[in-house]
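Since the structure comes first, as structure tokens, the remarks are kept for the end.
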Amino acid sequence: MIRTILYCTFLLLFFSCSEHHTEIPETATDFCSSIHRNDSFSLSKELEPLSEQMKNSTGVYVLEDGGNSLVTRAWLCEYAEKTIDIQYFIFSTDNVGLIACDYLIRAADRGIKVRILVDDIMVDAGVHEILSMDSHENIEIKIYNPGCNLGKSLFGKLKSLAKDAKSFNQRMHNKTFTVDGKVVITGGRNIADEYFDYDHEFNFRDRDVLFVGKTVASVQNSFEKFWTDPISVPVTDVVEDKEDDFSSPSRYELLHQYACDPKNFWPQVRERIQNLPKAFKNIRESGELIWTDSLTFISDDPGKNRGRIRGGITTDSLISLVMQAKESIEIQSPYLITTDLGLNLFRETVKRGVKVRILTNSLASNDNLEAFNGYKSCRKQLLEAGVKIYEFKPDAAERFKIMSGELQQKMNFTPVFGLHAKSMVIDGKITVIGTFNLDPRSANLNTECITVIRSQKVTEGVLKGMEEEFKPENSWETTLTFNPDDKADKTRQLKAWTKKVVPKEIL
């Protein structure tokens, strides 16, 4: 317990010393004057040919690369007709975050009701920006489990930690984006540059799934449960900014100009957004939108483990899937930290004759060195249990296929590529895409959500990508006699060594 409090205190000091301030530069140029919404498009119009199928089944399309995932979200914001409900662990006000905010405000200006739920601990925005956005008559922002970051002094944060360390550590890791109650995007991506291939130093290999139809209602119901739970608090009840006037009708103009500036959001990306209906039609007609009667969205309840010690709905569901496997399990998890329960589960699975392969981050590709230390401490036991382990390369050849073409055209070097996808394939027939990392935090502390897709065709596509990333050009195979820790530079190795103090149970 003391180690847990010491580590959380370190985090508080870190966040307090790195308080975020966003300053959007003024410009004399009107970049938005030539950019117009195409009023001939609408979401309902594009979905009309699918209306009958949507009543009884679910259409699935896996978003493998960040560029397409970003463009799809932007188009859905642009052509939403009633509501946008979004739920994220991280919503940064970096380049992608500011552009996302611009699209949401423009939607709200058209009368779309926008609700945003974000976890408190990773709010990466200033109070002014959040309150300014919330002041829009059609936008509501709530903060999940506040008290550890937004609007708190360092003393206030320490007081919250000392009062209830368990509650302090319980975070909302769900990621859902729902438009008009008709279309959902969910998966591993947060809202920040590095999840959409826009970061110049480090980007994630991630995976989302878009779906339309019957199962959308399950996501909407989950969102409503989180939104109405007392643990989700209106941002105006968490913080206040008495010095600013949020009544000016031009208060978003700087943001609009920033998002329209071709330096920040390239014209070829806007062109892709404009052409998305054509691309969507091609997807629909080519059969790439795959229909299934067996897609299940599973989410933990808000306030996970308020009434129990360990586990959760998503944890139980994943354990059940592993226990049902008969032939093979392929897993991608950026963080791999097994408890005794997890180790025994994999050991018994291998004993049944099931082949288990896991791709995780190497020291050289990992963005979380504390988590890497947790993985390192259990790596040998997993290997001895018969699990095959592969560690992602920071210069994986796959990045040239996955990363946004726009970024590669603009840069003369390639950022480090780290794994962030959280996916599992069972027996080559069932695909799981979600937010769940194989670590104690996802199992016992964070709320998580997963989509279980029982479709041979969807699974074949996801598995094809996984098989590529198991190859030597994309990952190292780790064995009892070899690991790639020394492939990381000396500075990174030293940083990892200095962060061994973190208790495993909160990783």
Side-chain angles (χ1 to χ4, degrees), residues 18-38 70-71 73-80 84 86 88 90-116 118 122-143 149-151 177 190-196 198-200 234-236 238-271 273-274 406-407 410:
S18 57
E19 186 176 347
H20 182 87
H21 297 280
T22 300
E23 292 186 7
I24 303 175
E26 293 193 36
T27 176
T29 306
D30 184 1
F31 293 110
C32 297
S33 59
S34 60
I35 298 174
H36 303 286
R37 179 175 173 272
N38 190 333
L70 174 67
V71 165
R73 283 172 168 86
W75 189 89
L76 287 170
C77 286
E78 190 83 338
Y79 296 101
I84 301 173
I86 62 180
Y88 283 101
I90 299 172
F91 199 125
S92 295
T93 49
D94 55 11
N95 185 277
V96 162
L98 289 172
I99 291 165
C101 289
D102 179 67
Y103 270 90
L104 291 170
I105 290 169
R106 288 180 182 278
D109 286 344
R110 293 187 290 109
I112 308 304
K113 298 297 182 183
V114 178
R115 294 185 293 178
I116 302 169
V118 64
M122 293 297 282
V123 171
D124 184 22
V127 169
H128 172 85
E129 288 81 10
I130 295 172
L131 291 177
S132 177
M133 194 165 177
D134 181 76
S135 69
H136 196 294
E137 63 179 353
N138 290 323
I139 298 177
E140 291 182 81
I141 299 175
K142 287 189 177 184
I143 308 299
N149 183 20
L150 195 63
F177 177 97
N190 292 294
I191 302 300
D193 285 354
E194 59 268 30
Y195 299 94
F196 297 94
Y198 264 67
D199 195 278
H200 288 200
V235 68
T236 49
V238 178
V239 294
E240 59 180 19
D241 192 339
K242 297 178 180 178
E243 298 179 2
D244 289 296
D245 178 10
F246 296 113
S247 61
S248 170
S250 62
R251 62 190 181 279
Y252 305 121
E253 186 57 31
L254 284 180
L255 175 64
H256 292 329
Q257 292 300 331
Y258 178 92
C260 292
D261 187 341
K263 293 197 302 290
N264 302 317
F265 201 45
W266 302 314
Q268 61 266 44
V269 179
R270 289 196 182 279
E271 188 176 337
I273 294 170
Q274 286 288 91
E406 288 81 10
L407 183 66
K410 289 282 181 178

Would you check if [X] and [Y] make a side-chain contact, meaning some heavy-atom pair closer than 4.5 Å?
| X | Y | result |
| --- | --- | --- |
| Ile191 | Ser92 | no |
| Met133 | Cys101 | yes |
| Arg106 | His256 | yes |

Could you tell me whether a side-chain N or O of [X] sits under 3.5 Å from a main-chain N or O of [Y], the two making a donor and an acceptor?
| X | Y | value |
| --- | --- | --- |
| Asp94 | Asp193 | yes |
| Arg73 | Phe177 | no |
| Arg110 | Ala80 | yes |
| Asn190 | Ile90 | yes |
| Arg251 | Phe246 | yes |
| Asp199 | Glu194 | no |

Rounded to the nearest 0.5 Å, what's the gap from [atom1] on [X] to [atom2] on [Y]? Could you check?
| X | Y | atom1 | atom2 | value |
| --- | --- | --- | --- | --- |
| Ile141 | Leu131 | CD1 | CG | 8.0 Å |
| Ser135 | His128 | OG | NE2 | 8.5 Å |
| Ile139 | Lys113 | CD1 | NZ | 10.5 Å |
| Ile116 | Asp134 | CD1 | CG | 8.5 Å |
| Ile84 | Arg115 | CD1 | CZ | 11.5 Å |
| Thr236 | Ile130 | OG1 | CD1 | 11.5 Å |

Self-check item: Results of ring-ring contact (aromatic ring centres under 6.0 Å, His included) for Tyr79 - residues two or more places apart only
Solution: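 With sequence neighbours excluded, Tyr79 shows a ring-ring contact (aromatic ring centres under 6.0 Å, His included) to Phe41, Trp75, given in chain and number order.
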What are the two closest heavy atoms between [X] and [Y], and how far apart are they?
| X | Y | result |
| --- | --- | --- |
| Phe91 | Ile86 | CE1-CD1, 3.7 Å |
| Ala108 | Asn138 | O-ND2, 2.9 Å |
| Asp30 | Ser33 | O-OG, 3.2 Å |
| Phe31 | Ser34 | O-OG, 4.0 Å |

Practice problem: Please step through side-chain contact (heavy atoms from CB on, under 4.5 Å) for the pair Tyr198 and Val269, ending with a clear verdict. | Solution: CA-CA 12 Å; Tyr198 264 67; Val269 179; 3.4 Å; yes
Quiz item: In terms of the angle between their ring planes, are Tyr103 and Phe265 parallel, tilted or perpendicular, with boundaries placed at 30° and 60°?
Solution: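 Judged by the thresholds at 30° and 60°, the geometry between Tyr103 and Phe265 is perpendicular.
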Quiz item: Should we count CD of Glu271 as having more than 12 external heavy atoms under 6.0 Å?
Solution: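 Counting neighbours around CD of Glu271, 12 or fewer heavy atoms of other residues, nucleotides or ligands fall under 6.0 Å, so no.
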Quiz prompt | Set of residues satisfying side chain to side chain donor-acceptor pair (under 3.5 Å) with respect to Asn95, sequence neighbours excluded | solution =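 Result, side chain to side chain donor-acceptor pair (under 3.5 Å) vs Asn95: Tyr258.
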Practice problem: Step by step, work out the side-chain contact (heavy atoms from CB on, under 4.5 Å) result for Lys142 and Val235. | Solution: CA-CA 5 Å; Lys142 287 189 177 184; Val235 68; over 6 Å; no
Quiz item: Does Asp261 have any salt bridge (charged side-chain N to carboxylate O under 4.0 Å, His left out) partners at least two apart in sequence or in another chain, and if so, which?
Solution: Lys263
Quiz prompt | Flag for His136-Asp109: side-chain donor and acceptor within less than 3.5 Å | solution =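 Yes, a side-chain donor-acceptor pair sits under 3.5 Å.
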